[in-house]
Number of protein chains: 2
Amino acid sequence: MGSTTGRRERLRAETTAEIKKVALELMASGGPDAITLRAIAREMGMTANAIYGYFATRDDLVTTLIDNVYTSLAGAVQAAWESAPALDPAARIQAWAGAFRNWALTNPEGFRLVYGDPVPGYRPPAGGAAPDAAHRVCTGLTALAAEAWPYAEPRYADGDFEWSDFDPGLLDKVRPAFPDLPPAAVALALRIWSHLHGLVSLEIYGHLRTQTLSPEKLFRAELTQLIRSLGITAQG
Amino acid sequence: MGSTTGRRERLRAETTAEIKKVALELMASGGPDAITLRAIAREMGMTANAIYGYFATRDDLVTTLIDNVYTSLAGAVQAAWESAPALDPAARIQAWAGAFRNWALTNPEGFRLVYGDPVPGYRPPAGGAAPDAAHRVCTGLTALAAEAWPYAEPRYADGDFEWSDFDPGLLDKVRPAFPDLPPAAVALALRIWSHLHGLVSLEIYGHLRTQTLSPEKLFRAELTQLIRSLGITAQG
DNA sequence: AGGAAAACTATACGGCGTGCAGTTTTCATA
DNA sequence: TATGAAAACTGCACGCCGTATAGTTTTCCT
């Protein structure tokens, strides 16, 4: 009885998963714009309208994809961070940042989906997994900042940041994990993030191509300088 | 005779200008996705196909708009730079960066058009005014870096950058203007740009909203830290 | 005045998201 | 096990889009 009840649900879950899988494949081969309900349905041998049984609207589907992709990014950088030696801030930063750039280069469409203007007219909803993943990313960076803070504090302790300057949802994740960290360190983490994001974003969108022929060298220089600017002297 | 010859050309130029104007208005009110030939034609009381007499394709029109908008951005930051005191690197940087962020906040759709993925399926062409404007932006930043270089050199002179690491078209503009500048300074300028771009891009696309409630404070902190990291001690 | 060229319209095709009505399949219950 | 509701799905339609082709009107040079 319970098994027959579960059958429809199982089929439903499988179909949902297939829709998402096909959508990601379409995105990988044709960019975010290739995510169309009709193309997905064509690929699956269905009618476009059948998808409305699983996602209320195309933007709903895109939101789900963003959530998935963003979560995968957050997992990738977190895994890189964890696999680096714990007491070596420079190595941690390099691992984290390298994983971020590698993920973006491996998955440029995913990067565009998450950080760009993924689909015509799409506007991100308020809640969902994406802000969560963003918080995970930022929390990971805060971990980097926390490990570097003993070195960096004298240089960054100024700046009149207060807890009220940050999103409460982010602080809920950050403050329990790093109780001793001041607001300035969270600001530092955000700024480190923006540095990495800026460079990778320019590279992914091709705006660096008209300037430099070796974005990787630029990225490495950025990391070197970042680590030095944090006052980290140990070798990673 | 010459005047009658010029008449059609004048009308043509006016129509071309109106198409661009209407397109920019549509973009300002409805985002880059609102730039559709049919909407423009509707607004102008024409048929959509009439536009094909002025632009070979929709992407051609978008390219022209990007060129215009990018050029306006380049002009805005350059004007800000020029209006700041010449011997005060900190003030110059603050003026330039502030103008960049202000332009982006005032004209977010333009920012998306220039730095994002402006229109479904659009791929930027190789040449045109956009790379020129990008070079102007980078040259402006190189001017900042050049003014700061006397302070910054000891910290940034390392990094094994060579002239071959950069785009020749960019160097053609940069090297004549700053003959004594080493490649490391150009790399520094690019990195400064990526910092500013990263922060502003996150803010424009709303990815900062899930983290901080005061992006401006973050931006100011970034500038303060940037100026300090360049070794500039004078007050601007 | 006449003819070429330019500007523009009309029509059509295929693609898109999506609403609505109808049909088939699935499954709990009487 | 027959039945009726709910779920899954199809078909059709509408209005949007870019754009190709063909035909029409306007403009200008000779």
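Because the structure is a prediction, the values reported are computed rather than measured.
- Between the NZ atom of A:K173 and the OG1 atom of A:T142 there is a distance of 11.5 Å, given to the nearest 0.5 Å.
- Less than 4.0 Å separates DNA chain C from at least one heavy atom of each of the following residues of residues 39-54 of chain B: B:M46, B:T47, B:N49, B:A50, B:Y54.
- Residue B:L73 holds its CG atom at 8.5 Å from CZ of B:F111, rounded to the nearest 0.5 Å.
- Using a 4.0 Å heavy-atom cutoff across all strands shown, B:T15 reaches no nucleic acid atom at all.
- Looking only at atom types and distance, the side chain of B:Q78 has a donor-acceptor partner in the side chain of B:R136 under 3.5 Å away.
- B:I35 has its CD1 atom 17 Å from the C1' atom of D:dC16, to the nearest Å.
- In terms of phosphate contacts, B:R58 brings no side-chain nitrogen or oxygen within less than 4.0 Å of OP1 or OP2 of D:dC17.
- Listed by chain and number, the residues in a ring-ring contact (aromatic ring centres under 6.0 Å, His included) with A:H207 are B:Y115 (sequence neighbours excluded).
- When all heavy atoms are compared, the tightest approach of B:T139 to B:F178 is O-CE1, 4.1 Å.
- The nearest whole Å value for the distance from the CG atom in A:D59 to the P atom in C:dC16 is 16 Å.
- Here the CG-CZ distance, from A:L208 to A:F219, works out to 11.5 Å after rounding to the nearest 0.5 Å.
- Note: CG (B:D33) to C1' (C:dG17) measures 14 Å, nearest angstrom.
- Within the model, atoms CG of B:L141 and NE2 of B:H135 stand 13.0 Å from one another, a figure rounded to the nearest 0.5 Å.
- Rounded to an integer number of Å, the gap from CD of A:E9 to C1' of C:dT26 is 13 Å.
- Between the CZ atom of A:R58 and the CZ atom of A:R38 there is a distance of 12.5 Å, given to the nearest 0.5 Å.
- Mapping B:R38 and B:L11 onto DNA chain D by nearest heavy atom places B:R38 closer to the 5' end of the strand.
- Remark: P of D:dC9 and CD of A:E14 are 12 Å apart, rounded to the nearest angstrom.
- At least one donor-acceptor pair under 3.5 Å links the side chain of B:T212 to the backbone N or O of A:D165.
- For D:dG18, the OP1/OP2 oxygens have no side-chain nitrogen or oxygen of B:T57 closer than 4.0 Å.
- Within residues 19-28 of chain B, no residue has any heavy atom closer than 4.0 Å to DNA chain C.
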